Amino acid sequence: MVVEPTIACVVPCHNEEAAVGKVVGDLRAALPEAVVYVYDNASTDRTAEVARAAGAIVRQEPRKGKGNVIRRAFADVDADAVLIVDGDDTYDASRARDLVDLLFEGPYDQVVGARRVTDDGAYRTGHAVGNKLLTGAVRSLFGNDVTDMLSGYRVFSRRFVKSFPALAREFETETEMTIHALHLRLPTAEVVVDYRVRPAGSESKLRTYRDGWRILRVILDLARRERPSLVHTVIAGVLALISVVLGIPVIAEFVRTGTVPRVPTAILAAAIMTIAALVLLVGYILESLTHMRQEQSRLAHLAYPAPVRTPRYTTHGAGIGPVPVRKTVDGP
């Protein structure tokens, strides 16, 4: 007897009554066996009512912020595959089957819907530039296995969901997801999906500069926590350079005259070099602690089985050879 894997769809919503009904309908049509959860995030309109009428299970998360919704949903929902998609109908929810199929086919721990803009105005210039800059920063710090870091259309395995700490509060949660997968070297794939303008009556909650600055702060904070040796080496190098610049004239004068008339400068240079050495030492200690924490995260991840492939989830071709760790599938 073949046991079908369970699938859950999580739709975070804040004032999305104009779009959530279509999103839920598209998800139910694409994945009729899935359970669709709409998390109403402190909406003041009819979002919950419309979602419930469309056939979704509605849950409330009063603390505003997409990160708070993901934290709550990942704790509450238990399924072999968990798909998340924004409730604003900018992503093509009818492609949900492609993402889920690929997750089980891999098997992968994460499949990302990489956005392909199909409508003018769907992706503001500021957001597009910010996404490229932030994605480039993450690629440089954590690895090259990402092309659309801020996509809100993803499907995860059970072991990803249950090992993901979900510490972010707002839109920076996608950054946290991406770095979690990169840092643990989790198998990830991408599916190119259409990205379109919001329907009439729906208003974007993104703020280009505010949210971009918040995401950048998250990246810097994660770099400090996840790559402490790198961060502390850079800081120690800058301090050491300042110390050398201050100390060379003092040393040169001592070699020439045998005296140290600039005693305060000599003391300052020595103190800064000492601080640089301490900063470097702290970085190595924190790197050891980070390595231990990564081991614990990895063990928590391995406590759950990999996504199970069943006959239903082999639509990309039965009997195929080895699948690369990262794969991009274009849309129709």
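All figures in this text were calculated on a predicted structure; none of them were measured in a lab.
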Is there a donor-acceptor contact under 3.5 Å from the side chain of N15 to the main chain of S43? no
Separation of L280 CG from I275 CD1 (nearest 0.5 Å): 13.5 Å
Just wondering, do R116 and V193 contact through their side chains at under 4.5 Å, heavy atoms? no
If two hydrophobic side chains count as joined below 4.5 Å and joins carry through other members, does M273 share a cluster with L268? no
Between D109 and S157: side-chain donor-acceptor atoms closer than 3.5 Å: yes
Same apolar cluster (I L V M F W Y, side chains within < 4.5 Å links), I242/V279: yes
About how many Å separate CG of D88 and NZ of K22, when rounded to the nearest 0.5 Å? 11.5 Å
Would you check if M149 and T178 make a side-chain contact, meaning some heavy-atom pair closer than 4.5 Å? yes
Group every Ile, Leu, Val, Met, Phe, Trp and Tyr by side-chain heavy-atom contacts under 4.5 Å, then state whether I57 and V82 land in the same group. yes
Does any N or O in the side chain of T259 come within less than 3.5 Å of the main-chain N or O of P261, such that one atom is a donor and the other an acceptor? no
Could you tell me if the side chain of D89 sits less than 4.5 Å from the side chain of D26, heavy atoms only? yes
Minimal non-hydrogen separation, C13 against V38, with atom names: SG-CG1, 4.0 Å
Please check: side-chain N/O of K66 versus main-chain N/O of A168, any donor-acceptor pairing under 3.5 Å? no
Using 0.5 Å steps for rounding, measure from the CG atom of D148 to the CG atom of L150. 6.5 Å
Side-chain heavy atoms nearer than 4.5 Å, only ILVMFWY residues, links allowed to pass through others: does that put L184 and V112 together? no
If we ignore hydrogens and angles and just use 3.5 Å, is the side chain of S151 paired with the main-chain N or O of A114 as donor and acceptor? no
Is there a side-chain contact between Q110 and L186 (heavy atoms, below 4.5 Å)? no
When you look at I84 and F74, which way does the side chain to side chain contact (heavy atoms under 4.5 Å, CB included) test go after all the steps? CA-CA 10 Å; I84 64 168; F74 279 14; 4.1 Å; yes
How far apart are the closest heavy atoms of Y108 and L102, and which atoms are they? CD1-O, 3.2 Å
Between I70 and E176, is the side chain to side chain contact (heavy atoms under 4.5 Å, CB included) condition met? List the steps. CA-CA 11 Å; I70 296 301; E176 191 180 28; over 6 Å; no
Do P12 and N41 have side chains that approach each other closer than 4.5 Å (heavy atoms only, starting at C-beta)? no
Which atom names give the shortest non-hydrogen contact between A269 and S243, and what distance separates them? O-OG, 2.6 Å
What are the two closest heavy atoms between V155 and L99, and how far apart are they? CG1-O, 3.6 Å
Answer yes or no: is there a donor N or O on one side and an acceptor on the other, between the side chain of S229 and the main chain of Y284, under 3.5 Å? no
Please step through side chain to side chain contact (heavy atoms under 4.5 Å, CB included) for the pair I7 and V35, ending with a clear verdict. CA-CA 7 Å; I7 304 170; V35 180; over 6 Å; no
Ignoring hydrogens and geometry, is there a side-chain-to-backbone donor-acceptor pair from T90 to V197 under 3.5 Å? no
Assess whether a salt bridge exists between R97 and E33, defined as any Lys/Arg side-chain N lying under 4.0 Å from an Asp/Glu carboxylate O. yes
Give the minimum heavy-atom separation between Q60 and A48, together with the two atoms involved. NE2-CB, 4.2 Å
Would you find more than 12 non-hydrogen atoms of other residues, nucleotides or ligands less than 6.0 Å from R59 atom CZ? yes
Decide whether H291 and E295 meet the rule of one side-chain donor and one side-chain acceptor closer than 3.5 Å. yes
For Y153 and D92, the nearest pair of non-hydrogen atoms, with its separation, is OH-O, 3.0 Å
Please determine whether a side-chain nitrogen of the Lys or Arg among K64 and E170 lies less than 4.0 Å from a carboxylate oxygen of the Asp or Glu. no
SB check D194 R95 (cutoff 4.0 Å): no
Can a donor-acceptor pair be found between the side chains of E190 and T147 at a distance below 3.5 Å? yes
Please report the interatomic distance CG(L83) to CG(L31), rounded to the nearest 0.5 Å. 7.0 Å
Establish, for the pair R159 and Y304, whether the NZ or CZ atom is under 6.0 angstrom from the six-membered ring centre and no further than 45 degrees off its axis. no
Salt bridge check, R158 against D78: does any charged N sit closer than 4.0 Å to a carboxylate O? yes
Point-to-point distance, once rounded to the nearest 0.5 Å, from CD of E16 to CG of D40: 10.5 Å
Looking at R169 and R63, would you say the former's side chain and the latter's main chain have a donor-acceptor pair under 3.5 Å? no
How about R71 and L167: do any of their side-chain heavy atoms sit closer than 4.5 Å? yes
Is any side-chain heavy atom of V11 closer than 4.5 Å to one of D86? no
So, the side chain of R227 versus the backbone of R224: is there a donor-acceptor pair under 3.5 Å, distance only? no
Parallel under 30°, tilted from 30 to 60°, perpendicular over 60°: which one fits the rings of F156 and F160? parallel
If only side-chain N and O atoms count, and only distance matters, is there a donor-acceptor pair under 3.5 Å linking D80 with T6? yes
Looking at R72 and E61, does any basic side-chain N land under 4.0 Å from a carboxylate oxygen? yes
Would you find a donor on one side and an acceptor on the other, under 3.5 Å apart, between the side chain of T257 and the backbone of E253? yes
Taking Y91 for its side chain and R196 for its backbone only, find out whether a donor-acceptor pair lies under 3.5 Å. no
Side chain to side chain contact (heavy atoms under 4.5 Å, CB included) between V250 and F254, intermediate numbers included: CA-CA 6 Å; V250 176; F254 175 77; 5.6 Å; no
Within the structure provided, determine whether H180 and P165 are in side-chain contact (heavy-atom separation under 4.5 Å). yes
Count I, L, V, M, F, W, Y as connected when their side-chain heavy atoms are under 4.5 Å apart, and connections chain through other members. Are M292 and V282 then in the same cluster? yes
